[in-house]
Structures are given as structure tokens and as C-alpha cells.
2 protein chains.
Amino acid sequence: MSVEITTLANQVCESIVKDIIDGTIGQGQKLNEPELAKTYGISRGPLREAISRLEAMRLITRVPNVGARVVQLSYEELLDIYQIRESLEGLAARLAAQRMNSSETQDLRQLLTSHRKHIQKTQGQSYFQQEGDVDFHYRIIQGSKNPRLINMLAGDLYQLVRMYRYQFSVSSNRPEQALKEHDQICSAIEEGDAELAEWLMKRHINNARNNIMRRMHTQSNPHDGDTL
Amino acid sequence: MSVEITTLANQVCESIVKDIIDGTIGQGQKLNEPELAKTYGISRGPLREAISRLEAMRLITRVPNVGARVVQLSYEELLDIYQIRESLEGLAARLAAQRMNSSETQDLRQLLTSHRKHIQKTQGQSYFQQEGDVDFHYRIIQGSKNPRLINMLAGDLYQLVRMYRYQFSVSSNRPEQALKEHDQICSAIEEGDAELAEWLMKRHINNARNNIMRRMHTQSNPHDGDTL
DNA sequence: TGATCTAATATTGTCGACAATATAGGGGAA
DNA sequence: TTCCCCTATATTGTCGACAATATTAGATCA
């Protein structure tokens, strides 16, 4: 029973992250310090600390003496991120295949089973699949047992991915296919086939990336006039 | 002529980074805020901001209500980092092969020529090669033209690598070999052979990693009693 | 009318002081 | 002697105020 020891700056940071991800604080919007401090009921000290962390996870950009702005999302950057994910999660899958023990792989298999049930029950509804997808990838990332890799992927990068999903409505429109790919990856990990696990994971993420690119060409950039 | 506009927190942050990298502030050492503030002649406000940035680049770890400590370097973590570098710089090399223009590749070739001269002149002295190595990799990273990738590699990760090099004296003891590998990578990029560039880069970094592993087994962990 | 300079305002950067928490040291009991 | 508790100290977290810089609005001049 770990006592949730935390600080004001921490709590407010999490709040702001949530507000940025779900769009309460919009893209490109200026972060006014006195205003925000009032909103969250704290002083500017811890608020600035929180802002520093937001900067660290690249959710905002900061200019000295001018202030902080929420990042502007673009399809190009999203594609850049998926490219990085492909490399890094490929590595994670390889390591997971080498390092996950049998109880961990069993849990992973069980997770997939529950996902399958969800999909069957909801007739392929994608919302749950989204969180499930995150969860699946999250477990494999943990399974890599490379602390810095875990930090990079699960820490900062995933906040971004979540933000894009919220605001661009980038949800997998083919959860069955995604599940099948997850299944293949899981099997490779169970068998300890590191090379295959890496290759499958990279292809899996590349598929998602291509999916985004298709969407990017068919539909015009959403939320693109919101710059204000 | 860009005017170097900066803030106190920024300057002090850079100073501390330098002090951590060269060991002035040792591994695992506690960062005492009042003391540091006095040392650098600023108040605790901007100092804490600087500390936040150090935390962001993972040079220190922080515990609420307890304080900040410089990270403890270990060979295991160094290997973890090289694993990440292998993936990420492999990607960077692939993108560089696709995206660098002819003037950029010419500059890269020129850099290698100057490195060769240096090595011949200094009879294979490794110090210059170290910085030169950083420089070579740095250019390829830039050549990827993926801003987030550049940030990850050139921003945070390289500070760590530099710190290890300083404190573990991890210098390539075979600069000629390294130069040859650089040469191969450069050729692949010139020819736009993305696959080959990636493969060569990954092998290059893996060689360096194996080099570290060998060293790790032959000599005992240096600086290991310094924990205090 | 349009541009440029200037003054007023707003916002960020910095500081010192106070509150809350953790650490260290001494004294007492088993 | 050893362990535990309690107190004194040190350190981190938070706050409000002031200084420095940027932004805005208005006035003056071409």
C-alpha cells in the first residue's frame, strides 16, 4: 500500500496534461500564468514547475520572456512520432521476447482474450479497442525491462499519441485486424522468437501509420483553422 | 546574427549540466538547493527551474520532499542506452539517406576527410576522435529531418553518452576502425541506399556496445565506491 | 491614410520569507 | 548496550511582491 505522496506542482501538472490532451486547453493556445494559477487555485511557483514538466514531455513550447504555448499538432509530426515508435517498440518487442517470464506472457495472452470478447460483444466498436491497444503496447514496453526505453515510450511519447487520438479521432477502424496482429506478436513473444516479435511489431505500427496517411490524404486536416 | 536571448535559469542549467558531465558534481550526489543557489549566485526560484530541466534530461532523479540526486551510472544502463541509440540512430541514418541533399552529404564527406587527417597526424589518438565521433553522428541525426527524433537523440541522450565517456573513459580504442565504419555509412547515404545506411549504422553502434561489454568484463566497475 | 515612435499595460523572470516535511541527534527505557 | 521516541535542525514546497521584458494602444508625423 504505497502512500500517494505528491506535491502541488505534480497534481496540477497532471490536471493540465489531461486538459491539454482532451482539448480543454486547445492547440497553440497561450498559457497565461496568473490566469492558470487562479484556475487551479495555486500560486505561480508550483505552476511554473508544472509548466516545466509539460515542456519536458513536449506538450508545450516555451520562449523566454514570452511564454508557453500548447504544441500545434500536424499530421507530419504524428507520422514522425509513429516512425520513432516503430523503431522503439520494435526494440521493446524484441527485448520482451527475450525477457518476459512465463507468468507475464500468460497475463499478456489473457489480456488479448479479454480484448477479443470485448470486440465480439461490442461488434467491433473501436473505443475500447483504443484503450486496449494502449494497454497491450504498454505491457510489452514494460516487458522490455529497459528502464530508459520504458520511460521514453510510456512516459512522454504516449501522452502525445493519446492527444492525437483524442483530437484527430485517430482510432483504429479495423480492431479485428489489429487484434490479429497483436495475437501474432504475442505468439512470437511466447515462443521467445525475438526477431519475429520485432518484425511483427514494426509492421504492426507501420500499418497504423499507413492508416493515418490514407486518412490524411482523403480527408482534409481537421481542426486546422482553430489556430486563432 | 541571432541575439542569444536567455534566462538565468537557462544559464545556470547549462552550468550544472557541465558540472555533472565532467564530474564536478559527482554521481549520486545530493543537490542542495540553498547551497547551489549560493554557488551560482542566484535565488532558489530559477535554480529549481534549472533542476526541473535536469530532471527532464534524466541527469538527476527527484523525490518529493526529499530532493534531487545525480543519477548513478552503471554499465547496465549504458548498455541500455546504446541499445536505444542503435534503434534510433539506425532510423536516423535511413532517413538521412533519403533526405539529405547533395550539399549536406558533401559536408559530411568533408568532415570524414578532416577526421582522417587528424587520426594520421595524431597517430590514432582517441580524444579528438571522440568529439569527431559525436560530430559525425550529430550530423546524421540532423540529416534525418525528423524534429522529434533530433530532439531525443541530440538533446537528452547525448548528454548522457558524453557523461559516460567522461567518467568511464569510454573512448573508442580503435579510431581507424570507427572511421572506416563512418566511411561506409557516409557512402551509403551518398548513394541514397537507406536500407544499407540503417544496417551499417546499427552494426556500428552495436560494435561500440560490444566494446563496452568487453571492457565491462575485463575491468571492474570504475568509480564504484564513490557512492558516499 | 499609413507608419513609427512612445507611453501604458500586461506578462514573465526573479527574489526573499514562511510553512510543511524530512533528517539527525540526544535521551530514556528495556 | 541497543532500540525507540522525541526534539532540534535542515531542506524542500509554497506564497506574495518586485523587477525586467514584451505587448498593446494611442498619438504624432510624413
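In the text below, chain A, chain B and the rest are named by the order of the sequence lines, each starting its count at 1.
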Are there more than 12 heavy atoms of other residues, nucleotides or ligands under 6.0 Å from atom NZ of A:Lys30? yes

Does A:Ile51 reach a base, just sugar-phosphate, or nothing at all? Heavy atoms under 4.0 Å. nothing

Which of these passes side chain to side chain contact (heavy atoms under 4.5 Å, CB included) with B:Leu88: B:Ile141, B:Ile205, B:Leu153? B:Leu153

Which distance, rounded to the nearest 0.5 Å, do you find between the CD of A:Gln83 and the CG of B:Leu149? 8.0 Å

Upstream residue (5' side of DNA chain D) when A:Asn65 and A:Gly41 are each assigned their closest nucleotide: A:Gly41

How bent is the helix from C:dT1-D:dA30 to C:dA30-D:dT1, measuring the angle between the end axes built from five pairs each, rounded to 10°? 10°

Touch check for B:Leu36, heavy atoms < 4.0 angstrom, all strands: base, sugar-phosphate only, or nothing? nothing

When rounded to the nearest 0.5 angstrom, what is the spacing between CG in A:Asp80 and CG in B:Asn151? 11.5 Å

Please identify the 5'-most and 3'-most nucleotides of DNA chain C with any atom under 4.0 angstrom from a heavy atom of chain B. C:dG13 to C:dT23

Of A:Pro46 and A:Pro64, the one whose closest DNA chain D nucleotide lies more 5': A:Pro46

Using 0.5 Å steps for rounding, measure from the OG atom of B:Ser102 to the CG atom of B:Asp107. 9.5 Å

Criterion salt bridge (Lys or Arg N to Asp or Glu O under 4.0 Å) against B:Glu104, the qualifying member of B:Lys145, B:Arg139, B:Arg99: B:Lys145

Show your reasoning for whether salt bridge (charged side-chain N to carboxylate O under 4.0 Å, His left out) applies to A:Arg209 and A:Glu89. CA-CA 13 Å; A:Arg209 187 169 184 270; A:Glu89 291 207 34; over 6 Å; no

In this structure, CG of A:Asp135 is separated from CG of A:Leu111 (nearest 0.5 Å) by 5.0 Å

